Amino acid sequence: MSSSDDDMPLASKPKTNGVNGASHAPISEAHISAKTDAALDKQLPSNGDVVPAVPNLEQDVSMEDAQHATTNGVKRKASSARPDFTEAESSDDEPLSKKQKTSRPSHAIESDSDDEPLAAKSNGRVRTISAADIGEEEDSDTPLTKKLVDQKQDIMKAAEKTAQVIKKEKAKEITKPQKKPAAKKVKKEESSDDEPLSKKAPPASKTKKVKAEAPAPTKGKGKGKAVKKEETEEPEDDEAEGETNWWDNPMKGDGENKWDTLQHSGVVFPPPYEPLPKNVKMKYDGVPVTLHPDAEEVAGFFGSMLNSTHNVENPTFQKNFFNDFKEILKKTGGAKGPNGDKIAVKDFSKCDFKPIFEYYDAQREAKRNLPKEEKKRLKVEKDEIEAPYMFCLWDGKKQKVGNFRVEPPGLFRGRGEHPKTGHVKARVQPEQITINIGKEATVPPPPEGHRWKEVKHDRTGTWLAMWQENINGNFKYVMLAANSDVKGKSDFEKFEKARRLKGHIADIRKSYRQELKDDLMVNRQRATAMYLIDTLALRAGNEKGDDEAETVGCCSLKYEHITLREPNIVEFDFLGKDSIRFHEEYPVDKQIFKNLRLFKKAPKKEGDDIFDRLTTTSLNKHLSNQMPGLTAKVFRTYNASWTFAQLLKEIKPGGTVAERVKAYNDANRRVAIICNHKRTVGASHAQSMEKMSEKIKGVKYQAWRVKQMMIDIDSKIKKKKGAEFFELPDDIDQEWILEHQAFLIEEQTNKITKKFEKDNEKLKAEGQKEMKQKELTERLGAVKELEQKFKKENKSKKVEAEGKSPSIDSLQKKLDALETRVANMSIQAEDKESNKEVALGTSKINYIDPRLTVVFSKKFDVPMEKFFSKTLREKFQWAIDSTKEDWDF
DNA sequence: CTTCAAGAATCTGAGATGGTACA
DNA sequence: CTGTACCATCTCAGATTCTTGAA
């Protein structure tokens, strides 16, 4: 490929310690030592002075904006307006010939507005369900509940059709990887014939044929052939594989439409609200108050999460909740005291939700303590009800649905300082839900007495149902699970795109380095941003509204988020996605430093955008010119996977499985750190760490004792092995030993006592006589012996060999076992510590090409299960099945 | 065999991206 | 025609809940 330094901006980041707050030198030597630097220095004086080499730029920045900031600004949405720091740029920036290439990539979509997209789009806001809607009309609670139960049955009946079809699919497809020949084929035909939908729709197999033929002119050939074979039934040849696994023919990506036929059972609604028992009430000013069920439900939202102090003690959360709560109180007749008198609920601090909390907590507890038989029964019951919704038929193939459950109402838990956190998230009504389904399919019936908002047949979408949520007006989609074909394919494409970037990265880097000195502000900002995205793995950073948490990414970095320190240190401190803090110090390329200083130059001040001439859209537009399909996020994928690949290559073969797994996890961790994937460290972490090291010391102590026993057996061994061998480990001293011995004795005592008590209970339960106290004393004799032994050892400084016929040999074996145990435990402990606030999962699931793991697993002979859980293996089945050992990212 | 924490699975909020209508 | 605001859809994220397996 390219020069090696071009290849590794991230891998050379010694960023491993980032989490611990130590500063590090993240920027690749390549960047820092780039010879361009010298040249740059000539053009751009290194000190406070203002980039004389780029007069235009200077002028641009310093002068204009005082005059034009207000007058010349383009109209912008108030909430996200960027102040103009320069004169409207369009005139001097854009005429550039560079711009010539605005032509869209050839694959630009020909607007195929297919079915009725416009109608759908023109729908106004979803009607939000007001309290009145939920309340007065449907007041009759019990009937409502019953109604819903009945509905459920109806739904199930309707869903049955789909379910039947799906079941059949299951029968034949569940075994897909195995090559079940002829019989399967036949069955398929049958099933499609007698499936209930056959009248309305082309049966599955037929559909497939259609699909296979349509794209045939291009690339559908393999598939078409396979289908044909299937039709003429060709058992063993195993077209089934070609048919069932898209990765056997991944190139057949057809364009616009995601499916030809689609049937599913819709969504599952959460159960209706069950009012609290009469004796459970929230208190206001110490008085239990009675609420309308709708208000009570809202009170319950808050009450049931009292243990989540993080939310419940957040003032914004309280305020938003309480406003909504008062609102619904107003609509439902307020709160009533014990005598039926009205009570004005005005003060949040006088509300006591504890009774509600205790009730729900007791419920949870009760549920937890249910006999496991009962638990199992309930689970089976639930599974049965949900079975029809769990899968859909996508082009005739059974696929798992991801989130078929409509989100239940509750309090919105916005992360960070979300202005809307705590607001009531309303119950979603069928009337808000749009169903997307094949024209040929049976539309799942809405709950009795309800209707869907709309039913559409949008083949360009991958979603099955959709609604709009009431807090932010966002859309929620029901889509397929991660192990489905669509998701898998798109995952595959994501990584392929990242791999393609490999071939362009050298050019891209060269180009943006050049542009770091560009005369045009836009270009210079863009290049600087690209550097940050490439080097620090920042996200693109779209603008956000006032009604969201104030988090940023690259393009939305603000003045106060970076601090510059001579000669070239940049300190980043900002909240990124999910309000996770990004706080790092980096030495950067000289030119970057200069640019950032320029972008922060007065009159810019706190709150102003650093990249005021840059938007994610323009950035991505530029990127896609450099490589079709390239966007900012691809860099994260690329750098994560590429880095991981390099790290894996550094791992030497050999060692135990545990060591290899650790090496893998270490690499994983490096990537997670690059991506700034964090988790909150649990309160119990330190304690559990302590416990662990105690345990390790315990085993070390055991090992030491065994060594002493060797001396006991063979006094000459001391010379043979060397005195050092028999010394106490560094972290163990006499004091500790005494403590530990006491601990061991106590532990033994407890254990024996407990056992004794239990045995007695058992005897009692069986109606037999309990053992006497004397028995216990007798049993505790063992402890006494132990105590004596320790005493003796402490005194004599010798350890008598234990066990029957102890020999040096047997002791050595024992010692070996103990030492491997120590080693394993130490590895575990290290792992845990370095892991405490890094979340490995996100990068493993989303950024690291799974094929790397597959190759590693094969080369190092470590079972996949060590790296991928069951779901992950399903999600990455395409990689597991199709990756050869010599594959490289 | 019970307990409890680690790890897996689920949930749903937060971003990225690209299209479209419109000024 | 150009740049935005808004919409729509999909990926990615940490917290929460559930399960499991080791002590």
Side-chain angles (χ1 to χ4, degrees), chain A residues 74-82 88-90 94 102 104 108-109 111 113 117-118 120-123 125 258 305 308 310-311 364 368 375 379 402-403 405 407-408 410 412-416 418 420-421 425 436 458 460-463 466 468-469 471-477 479-482 486-487 490-491 494 539-545 548-549 551-553 555-556 576-580 615-621 623-624 629 631-634 636-637 675-680 682 684 688 691 695 754-755 758 828 832 835 839-843 845-847 868-872:
Chain A
V74 189
K75 270 176 236 152
R76 285 175 176 136
K77 196 179 75 176
S79 64
S80 64
R82 292 157 170 261
E89 214 158 50
S90 39
E94 305 310 345
T102 346
R104 298 281 164 80
I109 316 288
S111 67
S113 15
L118 272 184
K121 272 165 200 153
S122 62
N123 280 326
R125 300 219 142 202
K258 302 294 196 343
M305 58 190 291
S308 172
H310 168 68
N311 289 300
R364 279 190 284 253
R368 197 175 323 129
K375 272 190 203 161
K379 177 143 197 308
N403 54 328
R405 275 179 276 262
E407 292 174 17
F412 176 70
R413 292 152 93 107
R415 316 265 175 90
H418 198 298
K420 293 190 175 178
T421 192
K425 190 167 102 167
N436 191 31
D458 178 4
T460 67
T462 68
W463 51 278
M466 180 210 91
Q468 197 168 18
E469 146 270 317
I471 307 277
N472 301 296
N474 290 333
F475 298 100
K476 300 285 195 158
Y477 294 86
M479 289 186 192
L480 296 199
V486 240
K487 295 290 186 185
S490 109
D491 216 24
K494 170 181 78 185
R539 295 188 184 82
N542 289 290
E543 288 296 330
K544 295 186 74 185
E548 298 174 273
T551 62
V552 300
C555 296
S556 47
K577 183 174 179 180
D578 290 305
S579 293
I580 296 295
T615 65
T616 52
T617 308
S618 65
L619 174 65
N620 281 338
K621 207 168 179 181
L623 290 175
S624 73
T631 63
K633 82 192 268 284
V634 180
R636 267 168 85 80
T637 312
C675 296
N676 202 38
H677 291 144
K678 292 186 182 167
R679 61 177 184 178
T680 51
S684 59
S688 124
K691 213 164 144 189
K695 225 178 237 166
K754 257 197 190 140
K755 173 102 163 50
K758 213 154 155 198
Q828 255 181 20
K832 186 172 174 169
N835 238 1
L840 301 192
T842 307
S843 50
I845 293 170
N846 298 303
Y847 287 104
F868 290 157
S869 66
K870 180 164 88 57
T871 31
L872 232 37

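Computed from a prediction, not measured in an experiment: that's the story for all the values here. Below, chains carry the letters A, B, ... as their sequence lines are ordered, and counting in each starts from 1.
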Which residues pass the side-chain hydrogen bond (donor to acceptor under 3.5 Å, both in side chains) test with [X], sequence neighbours left out?
X: A:S618; answer: A:T615
X: A:R415; answer: A:D578
X: A:K487; answer: none

Look at all strands and tell whether [X] reaches a base, only sugar-phosphate, or nothing, counting heavy atoms closer than 4.0 Å.
X: A:A549; answer: nothing
X: A:T551; answer: sugar-phosphate
X: A:G461; answer: sugar-phosphate
X: A:M466; answer: sugar-phosphate
X: A:G841; answer: nothing
X: A:K425; answer: sugar-phosphate

Okay, side chain of A:Q468, backbone of A:F475: is any donor-acceptor separation there less than 3.5 Å?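 No, because the side chain of A:Q468 does not come within donor-acceptor range (under 3.5 Å) of the backbone of A:F475.
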Summarise protein proximity over nucleotides 13-23 of chain C in one line of letters, 5' to 3': B for base, S for sugar-phosphate only, - for none, counting protein heavy atoms closer than 4.0 Å. SBSS--S----
Do A:K425 and A:E407 sit within salt-bridge range, that is, some charged N less than 4.0 Å from a carboxylate O?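 Answer for the salt bridge query: yes.
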Mind listing the N/O atom pairs, protein and nucleotides 2-7 of chain B, below 3.5 Å?
from: B:dA6; atom 1: OP1; to: A:K832; atom 2: NZ; distance (Å): 2.5

I'd like to check the salt bridge (Lys or Arg N to Asp or Glu O under 4.0 Å) partners of A:K577; sequence neighbours left out, ordered by chain and number.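 None.
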Please check the phosphate of C:dC12 (OP1 and OP2 only) for any side-chain N or O of A:K494 closer than 4.0 Å.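 The answer is yes; a side-chain N or O of A:K494 sits under 4.0 Å from OP1 or OP2.
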Between A:N620 and A:T631, a side-chain donor and acceptor under 3.5 Å: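 No pair is found: no donor N or O on one side chain lies under 3.5 Å from an acceptor on the other.
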Under 3.5 Å side-chain donor-acceptor pair for A:K544 and A:T551: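 Checked: A:K544/A:T551 side chains pair up, N/O donor to acceptor below 3.5 Å.
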